[in-house]
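All residue numbers refer to positions in the sequence shown, counting from 1. Note that the structure is predicted; figures quoted are calculated from it, not measured.
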Amino acid sequence: MAKVESFDLDHTRVRAPYVRIAGLKRTPRGDAITKYDLRLVQPNQDAIAPAALHTLEHLLAGYLRDHLEDVLDVSPMGCRTGMYMAVVAEPDAERVKTAFENALRQVAGHDQPIPGVSELECGNYRDHDLEEARRRARVALDAGLIVQDTITLQR
């Protein structure tokens, strides 16, 4: 099996909420694609309910693109502790942190319908929780986001 970066992260030594550069790939043409770990809650101590995480995905997919160019994807982590974001280029982690904070502020204040929530637009459109998504955004902002270094497991 191929090596998976997140399986080498020491999840007991990171401090959420944070932004972390989780990987950098170069395309055959030399373009950079940077993957960020946008962690909202502390691993193995908390998890975001699926409906709220789904809503965070929909909102952050738009709001992060308002603050960063060339966002390819924003996807929830299977462990339900945050999101991965892939971006063309190599924006530094401080810039991504600022964009994430701004996007979370927008999520916390979001009072409109959730975008992309219909049977035509979403594969599980009934599974959303705006209030909990807003609360999770406020909690992360109140805790204060940091730029987290990658702390690898010592095997």
Side-chain angles (χ1 to χ4, degrees), residues 1-108 115-116 122-124 127-129 132-155:
M1 178 185 278
K3 187 174 180 175
V4 178
E5 183 273 340
S6 64
F7 297 165
D8 285 333
L9 177 68
D10 187 339
H11 288 75
T12 66
R13 295 179 56 209
V14 294
R15 190 204 59 82
Y18 65 75
V19 168
R20 179 180 72 84
I21 297 174
L24 174 65
K25 299 276 186 185
R26 296 254 176 227
T27 69
R29 291 178 34 187
D31 298 312
I33 299 174
T34 310
K35 178 176 145 184
Y36 293 89
D37 173 343
L38 307 177
R39 199 70 63 136
L40 290 161
V41 301
Q42 188 65 32
N44 297 308
Q45 294 181 20
D46 196 0
I48 302 168
L53 190 64
H54 190 189
T55 301
L56 283 163
E57 174 194 15
H58 278 237
L59 294 174
L60 288 172
Y63 287 139
L64 282 164
R65 283 175 169 89
D66 290 344
H67 300 286
L68 283 174
E69 294 180 9
D70 298 321
V71 173
L72 293 174
D73 186 48
V74 178
S75 303
M77 294 177 173
C79 61
R80 302 187 347 252
T81 60
M83 302 282 169
Y84 284 117
M85 178 179 69
V87 179
V88 175
E90 300 178 62
D92 67 59
E94 283 293 336
R95 183 168 163 227
V96 172
K97 179 179 86 97
T98 299
F100 191 30
E101 288 169 334
N102 289 331
L104 287 173
R105 281 187 199 94
Q106 290 176 284
V107 169
C122 181
N124 194 7
D127 190 31
H128 284 276
D129 186 343
E132 181 62 7
R134 289 168 44 126
R135 186 186 77 78
R136 289 294 187 161
R138 285 190 303 271
V139 168
L141 286 166
D142 289 347
L145 275 70
I146 63 168
V147 171
Q148 174 70 63
D149 290 330
T150 297
I151 304 170
T152 56
L153 290 170
Q154 301 302 310
R155 298 182 198 250

Using the test salt bridge (charged side-chain N to carboxylate O under 4.0 Å, His left out), find all partners of D8 that sit at least two apart in sequence or belong to another chain. K3, R155

Mind running side chain to side chain contact (heavy atoms under 4.5 Å, CB included) on Y18 and L145 for me, showing each step along the way? CA-CA 5 Å; Y18 65 75; L145 275 70; over 6 Å; no

Salt bridge check, R135 against D129: does any charged N sit closer than 4.0 Å to a carboxylate O? no

T34 side chain vs A89 backbone, donor-acceptor pair below 3.5 Å: yes

When rounded to the nearest 0.5 Å, the distance separating CG of D37 from OH of Y84 is 5.5 Å

Here the pair of heavy atoms bringing A140 nearest to P17 is O-CG, 3.4 Å

Is there a side-chain contact between L56 and P76, using heavy atoms and a 4.5 Å cut-off? no

Distance, nearest 0.5 Å, that separates CZ of R20 from CD1 of I151: 9.5 Å

So L64 and L38, do their side chains get closer than 4.5 Å, heavy atoms only? yes

Between R95 and E90, does a salt bridge (charged side-chain N to carboxylate O under 4.0 Å, His left out) hold up when you go through it step by step? CA-CA 10 Å; R95 183 168 163 227; E90 300 178 62; over 6 Å; no

CD1-CG distance between I33 and D70, expressed to the nearest 0.5 angstrom: 10.5 Å

At their closest point, which heavy atom of A143 faces which heavy atom of R15, and how far apart are they? O-NH1, 4.3 Å

Roughly how far, to the nearest 0.5 Å, is CG of D73 from CD of E57? 8.0 Å

Quick one, T81 with H11, criterion side chain to side chain contact (heavy atoms under 4.5 Å, CB included). Give me CA distance, side-chain angles, the key distance, then yes/no. CA-CA 11 Å; T81 60; H11 288 75; over 6 Å; no

Would you mind reporting whether L40 and F100 have side-chain heavy atoms less than 4.5 Å apart? yes

Side chains of V14 and R39, heavy atoms from C-beta outward: is any pair under 4.5 Å? no

d(L53 CG, S75 OG) to nearest 0.5 Å is 10.5 Å

How about H128 and H58: do any of their side-chain heavy atoms sit closer than 4.5 Å? yes

Do L72 and V88 make a side-chain contact, defined as non-hydrogen atoms from C-beta onward lying under 4.5 Å apart? yes

So which heavy atom on P50 is nearest to which on R80, and how close? CD-NE, 3.8 Å

Taking all atoms of both residues into account, what is the closest heavy-atom pair of R26 and A32, and its distance? NH1-CB, 3.2 Å

Is the closest side-chain heavy-atom distance between H67 and T98 below 4.5 Å? no

Spacing of I48 atom CD1 and H54 atom NE2 [to the nearest 0.5 Å]: 13.5 Å

Taking every heavy atom of E132 against every heavy atom of A52, the minimum-distance pair comes out as CG-CB, 3.4 Å

Check L59 against P115 and note the closest heavy-atom contact, atom names and distance. CD2-CD, 3.5 Å

Pick from K97, E101, Q148: which one makes a side-chain contact (heavy atoms from CB on, under 4.5 Å) with V19? K97

Can you find a pair of side-chain heavy atoms, one from M85 and one from L60, that are under 4.5 Å apart? no

